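To start, the structure itself, in structure tokens.
The structure presented is a predicted model; accordingly, all values stated were derived computationally and were not measured.
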Amino acid sequence: MWKNIPPSSRFRSNRSRSSTSKRTLSDPTANVNVASTRVLQNCETKPKTDITKFNQIRQSKVLNRACKCPHKQLFTMSNKATKNQQPPAGNTSTKQHQNHQHQHNHSSSSPKKTKTPSTPSSSSTWHISITSLALLSRLSVITLQVISNHLVPDHDAGVFVAPRDPEAAPAKLDGAVNFFLGGLHRWDGQYFLHISEYGYSYENTLAFFPLFPFLIKIATSSLGGSTPMITYRELSLVLAVLLNLVCFVLAAKALYKLSNLVLGNKKKSELAVILFCFNPASIFFTAPYTEALFSWLSFSVMAQCIDDINSVFITIPLSLSILCRSNGE
């Protein structure tokens, strides 16, 4: 056979074989193209019913060759070839399976985002105003006092009643003061107002300490005492209620500071102040009693002892509280 072929033709055929082998080694796409052409030639000889099967074989071979190739360009070319060749409409199960597998791979590769519970910021937290709370409680106490004083009749308990000057005529504002604050002028309030006006004139008045009536006497005398507009007794009642109002606000603030130092919790400190402002005995912090002044001084002493027990300023509220009450109840 080789004898009948001229040497030039033999050299040409060998050279073509070597060139094709070199081309296939240098260009990996040649193997893909050769495989695809062989599959197409086989598909032309097969009946039309087997076209789908051969298309799948072709796609699988192209993808396998492309994945083994280290070049990125070949990988993109094989991806474009597979995107352009869509499977027929009848083979929907294979497409759904591939989509489901792609979604599963994507979900497993991407990290799951867990929802962290949102914590409220410091600006959104609600805190009450100690001054507003104390003033609101005093306003409610005075309102309840006015209503109950006119609805409930007075009871004759046979206790001490501060004497009045029979020759002194009532002033213009005495009726208004008795209408709004007359319910507070009861029991120990009679003693304190009598001491602020006449001093310790009776033996039973010695049980009451002098600081609170002394402050009322100074404030009443500085405003002129008895005037045609208001008498000394009613003016001292108004000033005693105002003095207790200021002392109660200061006592609420001192209690809030003390509770913060002891408990270390703002919410619990606010709750302590709420219970201090609204309680059944809250009427005594508004009436002309020494409870509001003594509470403010006592809370201040305790808070100062926690801050700095060696401070000299502790002696100021401590000595004033001794002048308020005897037993500290």
Side-chain angles (χ1 to χ4, degrees), residues 131 134-135 138-139 141-142 145-146 149 159-254 283-301 313 315-328:
T131 303
L135 292 176
R138 296 309 91 197
L139 181 61
V141 166
I142 293 174
Q145 173 269 143
V146 173
N149 188 35
V159 295
F160 175 78
V161 177
R164 285 180 174 270
D165 187 4
E167 298 180 358
K172 295 179 181 180
L173 297 178
D174 288 351
V177 173
N178 290 323
F179 179 83
F180 289 104
L181 301 177
L184 301 176
H185 192 200
R186 299 287 190 270
W187 299 94
D188 290 353
Q190 292 281 340
Y191 287 97
F192 286 111
L193 294 181
H194 175 77
I195 294 171
S196 67
E197 187 175 1
Y198 299 106
Y200 291 93
S201 58
Y202 296 99
E203 185 180 356
N204 53 0
T205 59
L206 296 176
F208 301 94
F209 277 47
L211 180 60
F212 183 71
F214 180 69
L215 294 176
I216 297 173
K217 184 176 183 62
I218 292 175
T220 306
S221 300
S222 62
L223 293 177
S226 296
T227 60
M229 296 297 296
I230 187 171
T231 58
Y232 191 97
R233 181 69 55 84
E234 276 66 29
L235 180 60
S236 61
L237 176 60
V238 173
L239 293 176
V241 173
L242 292 177
L243 177 62
N244 279 341
L245 179 64
V246 175
C247 292
F248 185 82
V249 173
L250 296 175
K253 290 184 175 182
I283 183 67
F284 299 107
F285 293 99
T286 305
Y289 281 50
T290 58
E291 269 71 11
L293 179 60
F294 183 78
S295 298
W296 170 44
L297 296 173
S298 299
F299 294 153
S300 300
V301 169
F313 297 101
T315 58
I316 298 175
L318 181 61
S319 58
L320 291 177
S321 63
I322 295 173
L323 296 175
C324 277
R325 295 181 64 90
S326 60
N327 50 10

Quick check: does any side chain N or O of [X] sit under 3.5 Å from a backbone N or O of [Y], one acting as donor and the other as acceptor?
| X | Y | value |
| --- | --- | --- |
| Q145 | G183 | yes |
| Q190 | A162 | yes |
| T220 | K217 | no |
| Y289 | F192 | no |
| S221 | I218 | no |

Atom pair [atom1]/[atom2] of [X] and [Y] - distance to nearest 0.5 Å:
| X | Y | atom1 | atom2 | answer |
| --- | --- | --- | --- | --- |
| E234 | H185 | CD | NE2 | 8.0 Å |
| L323 | T290 | CG | OG1 | 11.5 Å |
| I316 | F313 | CD1 | CZ | 6.0 Å |
| I142 | N149 | CD1 | CG | 13.0 Å |

Please examine the side chains of [Y] and [X], heavy atoms only from C-beta on, and report whether any two atoms are closer than 4.5 Å.
| X | Y | result |
| --- | --- | --- |
| P288 | L184 | yes |
| V301 | L297 | no |
| H194 | P163 | yes |
| W296 | V246 | no |
| L215 | L293 | yes |
| L318 | S321 | yes |
| N244 | F285 | no |
| L245 | T286 | no |

Atom [atom1] of [X]: over 12 foreign heavy atoms under 6.0 Å:
| X | atom1 | result |
| --- | --- | --- |
| F160 | CZ | yes |
| Y200 | OH | yes |
| F180 | CZ | no |

Fill in: Pairs flagged by salt bridge (charged side-chain N to carboxylate O under 4.0 Å, His left out) wherever residues 188-206 is involved - sequence neighbours left out
E197-R233
Minimum heavy-atom separation for [X] and [Y], please, with both atom names.
| X | Y | answer |
| --- | --- | --- |
| V249 | L135 | CG2-CD2, 3.9 Å |
| I216 | L243 | CG1-CD2, 4.4 Å |
| S300 | P317 | CB-CB, 4.5 Å |

Practice prompt. Walk me through it: do L223 and L239 pass the test side-chain contact (heavy atoms from CB on, under 4.5 Å)?
Written response: CA-CA 10 Å; L223 293 177; L239 293 176; 3.8 Å; yes
Discussion item. For residues 216-236, which residue pairs pass the ring-ring contact (aromatic ring centres under 6.0 Å, His included) check, not counting sequence neighbours?
Written reply: none
Worksheet entry | Partners passing salt bridge (Lys or Arg N to Asp or Glu O under 4.0 Å) against R138 (at least two apart in sequence or in another chain) | none
Worksheet item: Does the side-chain contact (heavy atoms from CB on, under 4.5 Å) test come out yes or no for Y191 and N204, once each step is laid out?
Response: CA-CA 9 Å; Y191 287 97; N204 53 0; 3.6 Å; yes
